[in-house]
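Comments concern the structure below.
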Amino acid sequence: MVLDDLGSSLRGTLDKLRGKSRLSEEDIEEIVKEIQRSLLSADVDVSLVMELSDNIKERALEEEPPAGTPARDFVLRIVYEELVDLIGESTDLPLEEQTILLAGLQGSGKTTSAAKMAWWFSTKGLRPAVVQTDTFRPGAYDQAKEMCERAEVDFYGNPDNDDPVEIARNGLEETSEADVHIVDTAGRHALEEDLIDEIEQIEETVDPDKSLLVLDAAIGQGAKDQAQQFDESIGIDGVVITKLDGTAKGGGALTAVDQTDSSIAFLGTGEEVQDIERFEPNGFISRLLGMGDLSQLAERVERAMDQTDVEEEDWDPEDMLKGQFTLNDMQKQMEAMNNMGPLDQVMDMIPGFGGGIKDQLPDDAMDVTQDRMRTFSVIMDSMTDAEKEYPKAIGASQIERIARGSGTSEDEVRELLQQYKMMERTIKQFQGMGSDKEMQRMMKQMQQQGGGGGGGGMGGMGPFG
């Protein structure tokens, strides 16, 4: 998860309050000091840390918790609200025709972010185009073209033209049918004068509706100076923070926007084109504190099911609740899960499963699980259609053949069949429910079971019911 160390540290701090119904002043002092330590380790600006911790302390001492609310849940809510307030609102990006200019230093991830953003807009029903104007960095054109091909979006660049302003002008004309134009500009190793001059000329030419600054999360508190200098030059409407999956210092970039009048637009969470998400402060902080993010989860599920259905149009997941559950169904479920992205990110979005529960797992647990899913998929590819439709008929000789054909062990084949049996039993539980009341009872039971982990007793209804 993004800022894993910060989230783990904050959750560990709040867990010290488990079992307490009332808070003493000493409890609050200790909690505030731990929160300060966590935020400073994540490279959040010292003045912001002090302001935030003072607010938390003041509210925890003066506000009266609702009747029956455990101390941990009470402080959790205060920390949640103060962190959301600190990070601020999401950048306003309407789903309509617009031109977006990207700026940032070399290595910040602009070119990758341009393709990712274009892909994101395409999932919202718009036609995006990326215009590559970087004539400074060798390979910028080839990288942008390859990324846009992967994202399946329109692209314009001209490796034979060394005038970025002319490329920008021609690019808008050549991609005039696009709804959203994303103009990627050149970066340098520092904020040199010629970089600023170039960006200002491109900005005057393309007249963007939004100018977004791309920041590498690892830059820490240096993000503050970058944001201010670019803001003075072209005016920054929002920030795209990249590589949040690879650093514990992302707090500096996240809170840099507090020093300007901008906000956060997107988060880059991995290397693939799909590894981008629209920044939503409530969901982001909820995930950080181990309370899940149902809106992001719903978006990923919908996207995953669309991608799975495209590959196999005759497969409907609802059929599993009506007829026999087969290994074909199981394989499609696994494909859909794989399309949702890394398993640790998905777990963070599920109330009660991210955060506290994940903190207790070994560091490589998610990798092991994903490797296991890949192995299962390879095994199923070595089965006949009849075996996948009726796995109960698979005997010892067939297990031996399947293991040999898939390059796996017989034990791994048996493990897959055991996993199938467990899933089949679960599906039958749903099939056996004869009334809406029974369905509601079971869903309520699942919510209660899922909400007690990292969700602070909030059930399955989001951070605070």
Side-chain angles (χ1 to χ4, degrees), residues 1-18 26-60 72 75-88 108-109 215-227 239 241-259 264 267-270 279 281 283-291 293 342 344-345 347-348 354-366 454 456:
M1 173 187 162
V2 292
L3 289 177
D4 232 349
D5 290 348
L6 174 58
S8 179
S9 181
L10 287 173
R11 293 189 296 267
T13 297
L14 293 167
D15 280 345
K16 294 178 181 178
L17 297 177
R18 282 198 186 279
E26 290 75 19
D27 288 331
I28 294 169
E29 287 282 358
E30 184 183 350
I31 289 296
V32 166
K33 282 180 183 176
E34 291 284 348
I35 289 172
Q36 287 175 349
R37 237 178 256 122
S38 301
L39 294 170
L40 289 171
S41 296
D43 226 20
V44 178
D45 185 76
V46 176
S47 60
L48 290 178
V49 172
M50 298 314 296
E51 180 186 341
L52 180 73
S53 56
D54 286 346
N55 290 347
I56 292 171
K57 181 178 178 181
E58 183 180 342
R59 290 185 59 183
R72 181 186 178 278
V75 176
L76 177 66
R77 179 167 189 159
I78 292 173
V79 172
Y80 167 84
E81 290 173 350
E82 291 297 326
L83 284 172
V84 169
D85 187 57
L86 170 69
I87 289 179
S108 60
L215 290 173
D216 183 336
I219 195 171
Q221 293 185 32
K224 189 164 96 176
D225 293 334
Q226 271 194 48
V239 175
I241 300 178
T242 64
K243 309 174 191 176
L244 263 172
D245 57 318
T247 179
K249 296 290 184 182
L254 279 168
T255 54
V257 294
D258 188 75
Q259 306 298 302
I264 302 173
L267 301 177
T269 58
F279 177 72
F284 178 83
I285 296 301
S286 177
R287 226 184 313 167
L288 195 71
L289 295 173
M291 301 184 295
D293 182 355
D344 57 342
Q345 290 183 18
M347 278 190 71
D348 281 326
I357 288 180
K358 226 179 72 178
D359 291 344
Q360 298 168 29
L361 298 174
D363 291 339
D364 63 347
M366 294 298 102

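Below, each value reflects all heavy atoms present in this structure, side chains not excepted, and no hydrogens, waters or symmetry copies. Here the structure is a predicted model, which means the values were calculated and not measured.
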Open item on the list: Exactly one of E82, E29, E30 should register a salt bridge (Lys or Arg N to Asp or Glu O under 4.0 Å) with K57. Which one does?
Closed with: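 With K57 as partner, E82, E29, E30 yield a single salt bridge (Lys or Arg N to Asp or Glu O under 4.0 Å), made by E29.
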As an exercise, state the distance from [atom1] of [X] to [atom2] of [Y], rounded to the nearest 0.5 Å.
| X | Y | atom1 | atom2 | answer |
| --- | --- | --- | --- | --- |
| L40 | M50 | CG | CE | 8.5 Å |
| L86 | L39 | CG | CG | 8.0 Å |
| T269 | I241 | OG1 | CD1 | 12.5 Å |
| I56 | I35 | CD1 | CD1 | 4.0 Å |
| N55 | E51 | CG | CD | 5.5 Å |

Open item on the list: Just to verify, what does D54 make a salt bridge (Lys or Arg N to Asp or Glu O under 4.0 Å) with, not counting sequence neighbours?
Closed with: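 Here no residue qualifies.
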- [ ] State which residues pass salt bridge (Lys or Arg N to Asp or Glu O under 4.0 Å) with E58; sequence neighbours excluded, sorted by chain then number.
- [x]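 With sequence neighbours excluded, E58 shows a salt bridge (Lys or Arg N to Asp or Glu O under 4.0 Å) to no residue whatsoever.
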Task: Which residues share a side-chain hydrogen bond (donor to acceptor under 3.5 Å, both in side chains) with E34, sequence neighbours left out - done: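 If we apply the side-chain hydrogen bond (donor to acceptor under 3.5 Å, both in side chains) test to E34, skipping adjacent residues, the hits are K16, R37.
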- [ ] Could you tell me whether a side-chain N or O of T242 sits under 3.5 Å from a main-chain N or O of G268, the two making a donor and an acceptor?
- [x]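 Pair absent, no side-chain N/O of T242 close to backbone of G268.
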Open item on the list: Please find the pair of heavy atoms, one from S53 and one from V32, that lie closest to each other, and give the distance.
Closed with: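 Scanning both residues, the minimum pair turns out to be CB-CG1, 3.5 Å.
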